[in-house]
Amino acid sequence: MAGELIRAGFSAALRGRTAEEDWRERVDQYGRDYMAVGAVALQSRLANDLVILQQHLDTPVMWSHAARALVTYGKTTPNPTEAIRWYDLAGVAADRSDDLAVRVWVRGRAAIALAYEGAALTTARRYADQAVALSDRPSLGRVQALMAQAHVAAGRGDRSGAVALDTDARRVFDQVASADGAVSDTAVPPWRMATFRSMLYARLGMPGPGSEAQEEADRTRPGDLPRFATHIELHRGLTMVKAGDSAGGFAYAQRAMDALPADRRSQSLLLMLREVEQAARRRANRNDGTDRTPT
């Protein structure tokens, strides 16, 4: 590790770059890589860089880079409980940065990560509420926090609240949306916003706006992001289940997951597939009164 620290320092110096510039570029690259690289490979690389980054936390800007990197690392971990530990640490690092935009983004990103997955909704709401309270300025962090609040409301059966929060999020999104072609975990272009909304309306059992969001996501998403195409297919499976086709919806979702190479799958997809299965089981049980797992 000492050798890596020396190599990284000299490499940055020879390029004539400051540590802040060098780490900004690295963290930005991790945001882009997250969209296409498998979680296991990305986690290993990022863990090594986080060890090195610890040696450079001597300015507020470096704390802001660390905060963003820690959120990305949390997204690569295998379960929500572990992810929360990293998100909490990212929040502390963001506060050390004294950068309000970073403080809002870190909490908003953590909130939508959990809420979109239907995981730890109480914690997701805490992060989202903190982000919204920190600043009412339009930002991507605020968009994600509002969308997280919408998903939390959906998870608690509050349809009208979820729809109202979706409307609020879209209003902010219209002011701050990332460029159509942006592919990074730090970006929210139209296709990604549509993906958030697709899952929301699948959960709510509202196929009209859900189908519109799914079509927008498929139409605007870059073609080299198969993992995110699978997200939409799982949403369609959940929509089918909510509409009454429990076995067909689960089978549709399972086929979509099976079609994606194993090294491209993510914790989000696994949790979504489990949600489709559980929804299908509940509906099947209501229909015939038996404890039958969908096939």
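Sequence positions, counted from 1, serve as the residue numbers for this chain. Just so you know, these numbers come straight off a predicted model, no measurement behind them.
- Under the 4.5 Å side-chain criterion, counting only non-hydrogen atoms from C-beta, E275 is not in contact with L234.
- R264 places none of its side-chain heavy atoms less than 4.5 Å from the side chain of L269.
- Between the side chains of H235 and S198, at least one donor N or O sits under 3.5 Å from an acceptor N or O.
- Cation-pi geometry between R227 and Y34 is met: the NZ or CZ atom falls under 6.0 Å from the ring centre, inside 45° of the normal.
- Comment: R281 engages E277 in a salt bridge, judged by a side-chain N to carboxylate O separation of less than 4.0 angstrom.
- Every residue meeting the side chain to side chain donor-acceptor pair (under 3.5 Å) condition with Y252, not counting sequence neighbours, appears here in chain and number order: E233.
- Every residue two or more places apart in sequence or in another chain that forms a side chain to side chain contact (heavy atoms under 4.5 Å, CB included) with D180 is listed here: P190.
- A salt bridge links R68 to D28: at least one charged side-chain nitrogen sits closer than 4.0 Å to a carboxylate oxygen.
- A salt bridge is defined here as a Lys NZ or Arg NE, NH1 or NH2 lying under 4.0 Å from an Asp or Glu carboxylate O, and R107 with D95 meets this definition.
- Ionic pairing of D185 and K75 is not present here: no N-O contact between side-chain nitrogen and carboxylate oxygen is shorter than 4.0 angstrom.
- Annotation for V152: hydrophobic cluster partners, listed by chain and number, are L121 (ILVMFWY side-chain heavy atoms under 4.5 Å, direct or chained).
- Using cut-offs of 30° and 60° for the angle between ring planes, the Y116 and H151 rings count as perpendicular.
- No side-chain heavy atom of T239 sits less than 4.5 Å from a side-chain heavy atom of K242.
- Remark: D174 does not engage R171 in a salt bridge, criterion side-chain N to carboxylate O under 4.0 Å.
- Contact annotation: the side chain of M193 approaches that of R170 to within less than 4.5 Å [non-hydrogen atoms, C-beta and beyond].
- Considering only heavy atoms from C-beta on, M62 comes within 4.5 Å of L53 through its side chain.
- For the pair V51/N48, no side-chain contact is recorded, criterion being any heavy-atom separation below 4.5 Å from C-beta on.
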